[in-house]
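Heads up, the thing below is written out as structure tokens.
When reading the values below, keep in mind they use all heavy atoms of this one structure, side chains included, and skip hydrogens, waters and symmetry mates. Numbered from 1 within each chain, the chains take letters A, B, ... in sequence-line order.
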Amino acid sequence: MINFLEVILVLILLTVLLSLGSTRLVALVRIMALQGVLVSLTPLLLKGHGLASLGAVAFYVAMLAIKGVLIPAMLIRAVKSVSIQREIEPFVGYHASILMGLIFLLSAVFMTNSLHLSLPEGRALILICAVTTMATGLFLMLARKKAITQVIGYLMLENGIYLIGNALSQHHSLYIVEFGVLLDLLVAVMVMGIILTNINHAFDDVDTTLLGQLKD
Amino acid sequence: MLELIFLLPFAAGIAAFILPTVLGRVLLLATAIGHLTLGVLGWTGRLTPLFEHFFGASPEGLLILMVTSFIFTCIAIYAFSYAKESELGAERVFSGCMLFFLGTMSMVTVAEHPIVLWIAIEATTLVSAPLIYVHRSQRALEATWKYVLICSVGIALALLGSFFVTLALDMVELHEPLSFALLNSLATQLDPIWLKVGFSFIVIGFGTKMGLAPMHTWLPDAHSEAPSPASALLSGALLNCAFLGIYKAHILMVNAGLGEFSGNLLVVFGLASMVVGGIFIYKQSDYKRMLAYSSIENMGIIAVGVGVGGVGLYGAFIHLIHHSLIKSSLFLSAGNILLAFGTKRVEQVQGLIRSMPKTFVSFLAGFVGIAGLPPFGLFVSEFLIIVAAVRGHWYLSVAIFVLALVLVVAGAGRVVMGMSFNEGDAPSGTGEKFVRLAPAYVLLLASVTLCVWMPESIYTTILHSIQAIGGFHG
């Protein structure tokens, strides 16, 4: 029998590596949409989770809509409004970035296996996947010049944290609280999008190297 | 209904976006007074939470709530006149976001669920971002971007830390709704590795928001570019809220028998912040940035106080109250200076004593207070923290602590004396005005009063706040 959970986790790792190698912003946003959907589906495939109540159904539908449609749509709009289609302009090259991703993955495996953490049965793979996703998110924020890739890096970091919080932890009874976290994420991306548009108006570009006036 | 404390400002905030701008200013003031009343009711225990899984009145939360509420009232009076005179572009956004900001901060103080606390702290970042961008300059834009991005990433790490702590709870095989009370009651059964990892992430995460070095880089930019009433609120109220997140996690660590680990971590971050604050104040040429670095330094002092424990804990809470009062007063005075001179450069501001005598008095008195000289309360709190540190044999830490304090006094003294007494041209901007002077004086006066006469109920609330981790003799 196919283990759907492992398939999804491998697909998430694939989106992580793809995002490191992608040269076009629109493609990067699409990869993030796919990753959002995959991450939202993960808890459904775990033992003991599932669509137990009406609240749970509403929550997962809302999460799929926000992570898979709403946030990517806002990002695409931001990309269009600042009229940058290609050129992510890396500080670290694409090939080196993919190599970094593989290094993150190996270190995550090594860390999970060597720490002997007290984890529930069969959840080690989720931890590996989550740590790799978080590390890559932080790396993307540092290694790319365009301000919008920093927003994407932040989203990826959040996806990784979500994997830890929702899939790894068994406290999943309070959907209202998780919805609050999701709402914060949505508003954060909205606020960042608005600032991005303003940066583009003020500087005629969204290059983070332009943002260096304030210092001591 | 305890939830009214944050629901009222939310409702008022929505109204401020719809109503005309003049009414928005009145609304700011009316909400402030309503909020203060609710705060007093909550303080005396007459408000019970409706959703007791999520919200509740803890002594440390109430303390920070009252400080926030009092400061906000003073700032609302100030903003009444400031908003008109500084020609804020989007005043509706300003009033609305100030109210939302008050609401989210109040939500932080009454949160009893770790993730709800996180949601509220992240929300403070999002609603205060427009406040920094109100002046719409390129510099303000850069400050806003850094603020939102650095704080969001930092706070995301705090969420990770909170999840690690809940993972520790999973191992106990208990299915009750999560809350700080539940965590504390089971503290000794929790897995220490997850707790340590979780606490480290929480300190880094909320520490970013609190302005602990080396995660403080957004703070001087945001505090200097925001309009002065917003700066006063950011410095005097928001930093305390982030501290509350760390403090609640620290209580859990102490209950789990890991107090030494968390205390050491807090002392290290605290001392780093003090040193960074001291160094950057010394060479500062922008007086609002100087105040911002002083906030970093003072947050460091609070972290050290909590870290060393015992009488230092009491000192830390006294320090928190007085720092909030004095620093917000200083930012309001700085706002008056900025309105008159139109610049934040230290060398372009001269002769305050002649041109703006009343602002001079509040600015200088604020400096005396923040430098930790009597009769202001920071003298007492810093003294208590040093006593506690010596008692605990933290000799190296005491040396660094005192050195950083001296650096700050020397650096800030140079700036303030230069601005006050140097010969120079009179300012060309807006002059002094009672509405913008009184709040700064009231805040300072409150600090002096609390130093001479501390009401019994405040004293006992502080004792209750620190009782969970051993109180005076811990």
Side-chain angles (χ1 to χ4, degrees), chain A residues 115-120 123 127 130-131 134 137-138 141 147 150-151 153-155 157-158 160-166 168-174 176-192 194-196 198-199 201-203 206 208 210-216, chain B residues 51 53-54 113-116 118-123 125-127 129-130 133 136-139 141-149 152-153 155-157 159-160 162-164 166-171 173 175 177-178 191 193-194 197 217 220-222 224-225 279-280 283-286 289 293:
Chain A
L115 279 183
H116 301 294
L117 298 163
S118 46
L119 280 172
R123 301 280 168 95
L127 187 65
V131 171
M134 288 189 295
L138 284 174
M141 298 185 81
Q150 298 188 326
V151 181
Y154 169 68
L155 270 177
L157 176 71
E158 278 276 350
I161 292 172
Y162 174 79
L163 276 181
I164 296 227
N166 197 293
L168 214 51
S169 151
Q170 288 159 335
H171 265 272
H172 47 82
S173 48
L174 297 168
I176 182 84
V177 176
E178 283 176 21
F179 188 70
V181 174
L182 202 58
L183 204 64
D184 263 352
L185 177 70
L186 180 66
V187 178
V189 175
M190 241 160 77
V191 170
M192 287 175 190
I194 293 169
I195 305 174
L196 268 179
N198 280 311
I199 289 178
H201 281 310
F203 294 94
V206 282
T208 46
L210 293 170
L211 298 171
Q213 291 183 42
L214 298 170
K215 58 186 161 212
D216 288 295
Chain B
F51 301 96
H53 290 316
F54 304 135
H113 184 292
I115 310 295
V116 172
W118 182 88
I119 293 171
I121 292 187
E122 170 69 9
T125 313
L126 301 175
V127 296
Y133 184 53
R136 294 181 166 270
S137 63
Q138 287 193 355
R139 294 168 65 90
L141 196 56
E142 182 187 337
T144 317
W145 176 251
K146 280 187 186 166
Y147 174 59
V148 172
L149 206 72
S152 291
V153 171
I155 296 172
L157 294 180
L159 180 65
L160 183 63
S162 308
F163 281 146
F164 281 144
T166 49
L167 265 183
L169 189 63
D170 274 350
M171 304 302 150
E173 296 283 326
H175 286 275
L178 180 68
D191 185 343
I193 295 183
W194 281 128
V197 176
T217 47
D221 299 343
S224 66
E225 293 307 320
I279 290 170
F280 281 95
K283 289 255 156 215
Q284 201 45 252
S285 57
D286 175 330
R289 284 182 87 83
Y293 277 111

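- Listed here is the closest heavy atom pair of Val148(B) and Ile195(A): CG2-CD1, 3.8 Å.
- Residues Trp145(B) and Met192(A) come closest through the heavy atom pair CZ3-O, 3.9 Å.
- Legend: residues meeting ring pair (Phe, Tyr, Trp, His ring centres under 6.0 Å) with Phe164(B), ordered by chain and number and at least two apart, are Trp194(B), Phe201(B).
- Both the backbone and the side chain of Ala147(A) have a heavy atom closer than 4.5 Å to some heavy atom of chain B.
- Contacts between Lys146(B) and chain A at a heavy-atom distance below 4.5 Å involve the side chain alone, from C-beta outward.
- Going from atom CD of Glu122(B) over to atom CG of Leu185(A) covers 8.5 Å, rounded to the nearest 0.5 Å.
- Heavy atoms closer than 4.5 Å to chain B are found in the side chain of Leu157(A), but not in its backbone.
- Side-chain contact check for Gln138(B) versus Ile199(A): every heavy-atom pair is 4.5 Å or farther apart.
- For the options Leu126(B), Val197(B), Leu159(B), heavy-atom pairs under 4.5 Å to chain A are most numerous at Leu126(B).
- Counting all heavy atoms, side chain and backbone alike, Leu141(B) lies closest to Ala202(A) at CD2-CB, 3.7 Å.
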### Task
Kindly indicate, with the supporting measurements, whether the criterion side-chain contact (heavy atoms from CB on, under 4.5 Å) is fulfilled by Ser152(B) and Glu158(A).
CA-CA 10 Å; Ser152(B) 291; Glu158(A) 278 276 350; over 6 Å; no

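- To the nearest 0.5 Å, atom CG of residue Leu160(B) and atom OH of residue Tyr162(A) are 15.0 Å apart.
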### Task
Please test Val177(A) against Phe54(B) for side-chain contact (heavy atoms from CB on, under 4.5 Å), starting from the C-alpha separation and ending with a verdict.
CA-CA 9 Å; Val177(A) 176; Phe54(B) 304 135; 3.5 Å; yes

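- When Asp286(B), Val153(B), Thr217(B), Leu157(B) are compared by the number of non-hydrogen pairs under 4.5 Å with chain A, Val153(B) comes out ahead.
- For Tyr133(B), the ring pair (Phe, Tyr, Trp, His ring centres under 6.0 Å) test picks out no residue, with sequence neighbours left out.
- Looking at Ala143(B), both its backbone and its side chain come within 4.5 Å of chain A, counting heavy atoms on both sides.
- Proximity to chain A (any heavy atom under 4.5 Å) is restricted, for His113(B), to the side chain, taken from C-beta onward.
- Interatomic distance, Leu167(B) CG to Ile164(A) CD1, rounded to the nearest 0.5 Å: 7.0 Å.
- For Met134(A), the part lying near chain B is the side chain, with the backbone staying farther off; criterion is any non-hydrogen pair under 4.5 Å.
- Only the side chain of Leu138(A) comes within less than 4.5 Å of a heavy atom of chain B; its backbone N, CA, C and O stay farther away.
- If you measure heavy-atom distances from Val191(A) to chain B, the contacts under 4.5 Å come from the side chain alone.
- Both the backbone and the side chain of Ala123(B) come within contact range of chain A, each with at least one heavy atom under 4.5 Å from a heavy atom of that chain.
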